[in-house]
There are 2 protein chains.
Amino acid sequence: MVTLAEVAQHAGVSASTVSYVLSGKRSISTTTRQRVEQSIRELGYHPNAGARALASSRSNIIALMIPLRTDMYVPVMMEIAIAVATTARTHGYDVLLLTGEEGPDAVRRVTGSGLADAMILMDVQLDDERLPLLRHTDQPSVLIGLPADTSGLTCVDLDFTATGALCVEHLASLGHRDIAVIGEAPAVYERHTGFAERTLDGLRSRARETGVRLLHRPCEGGYDAMAVTLARILDERPGTTGFVVQNESAVEPLLALLRQQGRAVPEDVSVVAICPEQVAVQASVRLTSVAIPAQEMGRHAVERLMAKLDSRGTDEVVLIEPELTVRASTGPAAH
Amino acid sequence: MVTLAEVAQHAGVSASTVSYVLSGKRSISTTTRQRVEQSIRELGYHPNAGARALASSRSNIIALMIPLRTDMYVPVMMEIAIAVATTARTHGYDVLLLTGEEGPDAVRRVTGSGLADAMILMDVQLDDERLPLLRHTDQPSVLIGLPADTSGLTCVDLDFTATGALCVEHLASLGHRDIAVIGEAPAVYERHTGFAERTLDGLRSRARETGVRLLHRPCEGGYDAMAVTLARILDERPGTTGFVVQNESAVEPLLALLRQQGRAVPEDVSVVAICPEQVAVQASVRLTSVAIPAQEMGRHAVERLMAKLDSRGTDEVVLIEPELTVRASTGPAAH
DNA sequence: ATAGGATGTCGAAGCGCTTCGACAGCGAGT
DNA sequence: ACTCGCTGTCGAAGCGCTTCGACATCCTAT
């Protein structure tokens with residue numbers, strides 16, 4: 001294993017000079033720099049991460065806490081994780097993957113051990129037990145998702161309230177008066193996941209404003225659960241002509257069931273999905289949808305974090321504006 | 001930040017004693033140990049990761065390289081990643097998330113800097129450019145997936161050859177004589193991803209043995225691509241009664257299309273899927289399938305790695321035996 | 001009674017790096 | 001000619017931990 005000292009000797013300079021070449025924290029003459037860089041290349045030198053962390057008390061690692069659960073949005077989580085990892089790399093950081101399993105202890109461990117310089121939390125509950133810790137530590141953090149109380153925290157998320165409003169807006173403007181919302185699994189609502197509730201708020205308030213009737217039903221993924229849910233909805237509100245779906249694994253089952261019942265999309269009923277772009281495009285009907293901008297969220301979170309690490313940038317909530325793309329699943333309401 | 005020295009002082013012992021309490025590498029009297037542990041708890045001490053890594057030249061971190069691409073098996077990747085992370089934690093290790101983006105350089109960087117003690121590589125190509133590096137370094141590694149030449153490497157994977165054979169076997173035993181294979185996207189075959197080709201080998205050789213005709217067609221995910229592919233298949237081989245699907249995002253489109261054409265499953269045609277359990281269960285028809293045991297693969301990989309880190313355990317290939325679960329999508333061939 | 005082996009604890013030497021203060025050398029301003 | 005202030009380089013201290021050899025105690029076997 002090549003060390004700094006060996007590089008220094010090879011280049012005929014002192015260790016500190018090599019260090020300054022590497023960090024750029026002091027000016028170095030061009031000739032010296034080139035000589036050192038040459039030696040680094042020839043010897044295949046890589047700075048030792050542990051030594052570096054010890055001496056500088058910065059690990060150049062950020063921790064990413066992902067949910068252990070896989071009952072929702074798996075591809076979204078994955079996409080965010082990948083975006084975080086690649087964006088972090090462009091800033092010279094690596095990413096440590098933590099699962100939610102350890103809960104608040106993970107936060108303590110990482111903060112206490114100096115393993116990571118900062119952290120990104122995904123799948124934040126409205127009243128998340130990790131939040132008090134984050135507020136107390138001086139370690140920078142960014143949440144992907146919005147808790148109930150965001151004071152003293154930096155958060156990045158899609159504006160789900162606006163998303164909900166946008167969906168109702170679209171259907172209402174097409175003349176739909178009875179709209180059913182097919183939501184995430186009941187468990188998601190039970191543990192008060194922010195985005196689900198905020199979407200609901202947006203849906204409801206815009207429904208009120210536009211005088212549209214709304215029926216919200218949580219739904220486990222899959223064909224069978226969807227069949228039961230749909231039957232109930234049509235039983236309670238036979239005149240339903242618009243659907244908003246916020247549950248990836250209910251999308252295709254819903255379309256299949258509608259087809260099977262002879263309800264044509266978009267002639268008889270309209271469907272708006274809140275889902276990743278790919279799902280909307282690959283579905284059996286190209287879906288009018290509001291995309292969940294996973295990459296953008298991951299990227300944003302890292303950028304915020306870097307700003308905090310450089311002590312520019314303050315606590316604030318970044319809400320990404322939703323965009324509704326009209327495709328082939330929505331049309332004027334039949335009357 | 002609390003240090004070892006502070007704990008030592010608080011407990012009235014030397015720093016080395018505290019260290020030995022922590023590591024258990026030398027015997028410590030019960031009274032001393034308890035006193036030290038008490039101090040650790042009271043002060044909320046967490047060993048500094050960097051210092052530890054520097055002094056011991058072990059970081060207690062394993063690197064996990066995941067594919068950057070998200071054109072296949074996203075949930076599987078995610079599940080593996082989570083299984084790796086949680087299993088690693090039970091061994092006192094954390095997981096560093098690397099994307100394939102950096103390619104072989106990532107291997108060099110991690111090895112050279114001592115950032116991680118070992119690594120797990122996913123999405124291994126048959127002739128992966130990272131392999132020579134792995135063979136040369138003394139850093140332990142485990143591959144999830146099988147390259148062409150496994151000498152000097154430890155690999156964990158589902159036995160895809162046996163998987164392919166099993167699928168044909170099942171359909172053949174039900175009397176199907178014409179089987180179509182709907183595969184991954186063409187790009188997956190073009191970059192010679194091992195599992196896809198090995199599945200094909202298994203399918204073909206068993207087809208030969210059982211005298212069954214096989215037609216293999218790669219397929220992009222989604223409804224439209226599937227429609228085109230299916231039309232071609234039925235054009236070339238109108239008598240096809242059995243399908244093997246190895247492409248998550250083609251499963252539901254296939255079922256929808258078959259339904260639409262009036263081909264009942266399983267009465268008219270049978271479908272076997274190679275996919276995660278969840279997909280098979282949640283599909284519109286409960287699918288006979290060979291499960292991709294993501295968790296098991298992740299767990300296995302970590303266990304192997306730990307064995308190598310303790311210098312028990314040798315290079316070897318662990319192939320997980322496939323299991324076919326019969327559900328509602330396969331039945332006797334119509335004649 | 002005494003050597004000899006356990007057993008438990010300590011001091012000190014690093015691990016490879018960053019960073020601070022010191023300082024040599026040089027051109028510019030008086 | 002002399003001082004002043006740069007610029008570029010160096011030496012040394014120290015980050016918080018592990019680990020090795022040394023050593024003091026105590027118990028057991030002779």
Side-chain angles (χ1 to χ4, degrees), chain A residues 1-37 39-40 43-61 92 94 109-117 309, chain B residues 1-37 39-40 43-61 92 94 109-117 309:
Chain A
M1 195 187 191
V2 190
T3 70
L4 226 214
E6 284 164 12
V7 173
Q9 188 172 7
H10 186 272
V13 297
S14 76
S16 45
T17 300
V18 177
S19 179
Y20 287 123
V21 167
L22 249 29
S23 69
K25 291 192 180 172
R26 284 202 184 174
S27 52
I28 296 286
S29 68
T30 316
T31 55
T32 308
R33 185 194 345 281
Q34 286 173 349
R35 203 139 37 81
V36 170
E37 282 166 353
S39 297
I40 288 176
L43 301 177
Y45 168 71
H46 285 272
N48 179 288
R52 202 164 235 204
L54 178 56
S56 66
S57 38
R58 296 172 118 280
S59 63
N60 274 269
I61 288 178
D94 274 296
R109 193 166 62 83
V110 168
T111 316
S113 67
L115 232 188
D117 296 332
L309 282 167
Chain B
M1 198 186 190
V2 190
T3 69
L4 225 214
E6 284 164 12
V7 173
Q9 190 173 5
H10 186 272
V13 297
S14 76
S16 46
T17 301
V18 177
S19 178
Y20 286 123
V21 167
L22 250 28
S23 69
K25 291 192 178 172
R26 283 200 184 174
S27 52
I28 296 286
S29 69
T30 315
T31 55
T32 307
R33 182 191 351 278
Q34 285 174 348
R35 206 142 34 82
V36 170
E37 281 166 353
S39 298
I40 288 177
L43 300 178
Y45 168 70
H46 286 271
N48 179 290
R52 201 165 237 203
L54 177 56
S56 65
S57 37
R58 294 171 118 279
S59 62
N60 275 270
I61 288 178
D94 274 296
R109 193 165 61 84
V110 168
T111 318
S113 67
L115 232 187
D117 297 332
L309 282 168

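Residue numbering restarts at 1 for every chain, and letters A, B, ... go by the order of the sequence lines.
B:Asp94 and A:Leu115 get closest at one heavy-atom pair: OD2-CD1, 3.3 Å. Listed here is the closest heavy atom pair of A:Leu309 and A:Arg58: O-NH2, 3.7 Å. Nearest heavy-atom pair across B:Gly50 and A:Ala53 is CA-CB, 4.1 Å.
The nearest whole Å value for the distance from the CG atom in B:Asn48 to the P atom in D:dC17 is 6 Å. Following rounding to the nearest Å, B:Leu4 (CG) and D:dC17 (P) show an atom-to-atom distance of 4 Å. Rounded to an integer number of Å, the gap from A:Leu22 CG to C:dG16 P is 16 Å. The nearest whole Å value for the distance from the CG atom in B:Leu54 to the C1' atom in D:dC15 is 9 Å. The interatomic distance linking A:Glu6 (CD) with C:dG16 (C1') rounds to 11 Å, in whole Å. We find that CD1 of B:Ile40 is positioned 13 Å from C1' of D:dC17, with the value rounded to whole Å. Protein atom CE of B:Met1 is 7 Å distant from nucleotide atom P of D:dG16, rounded to whole Å.
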Contact state string [nucleotides 4-11 of chain C, B base, S sugar-phosphate only, - no protein heavy atom under 4.0 Å]: ----SBBB

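There is a side-chain donor-acceptor pair under 3.5 Å between A:Thr32 and A:Ser29.
Taking side-chain N and O atoms only, A:Lys25 has no distance below 4.0 Å to OP1 or OP2 of C:dT18.
Between the side chain of B:Ser56 and the backbone N or O of B:Arg52, at least one donor-acceptor pair lies under 3.5 Å.
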Steps toward side-chain contact (heavy atoms from CB on, under 4.5 Å) verdict (A:Leu43, A:His10): CA-CA 9 Å; A:Leu43 301 177; A:His10 186 272; 3.9 Å; yes

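When distances are taken from the side chain of B:Ala55 to each of D:dT19, D:dG16, C:dT18, the shortest belongs to D:dG16. The side chain of B:Ser19 approaches D:dT18 more closely than any other nucleotide in the set C:dG16, C:dC17, D:dT18.
Note on A:Thr3: only backbone sugar-phosphate atoms sit closer than 4.0 angstrom, heavy atoms only; bases stay farther off.
Environment of CD in B:Gln9: sparse, with no more than 12 heavy atoms of neighbouring residues, nucleotides or ligands closer than 6.0 Å.
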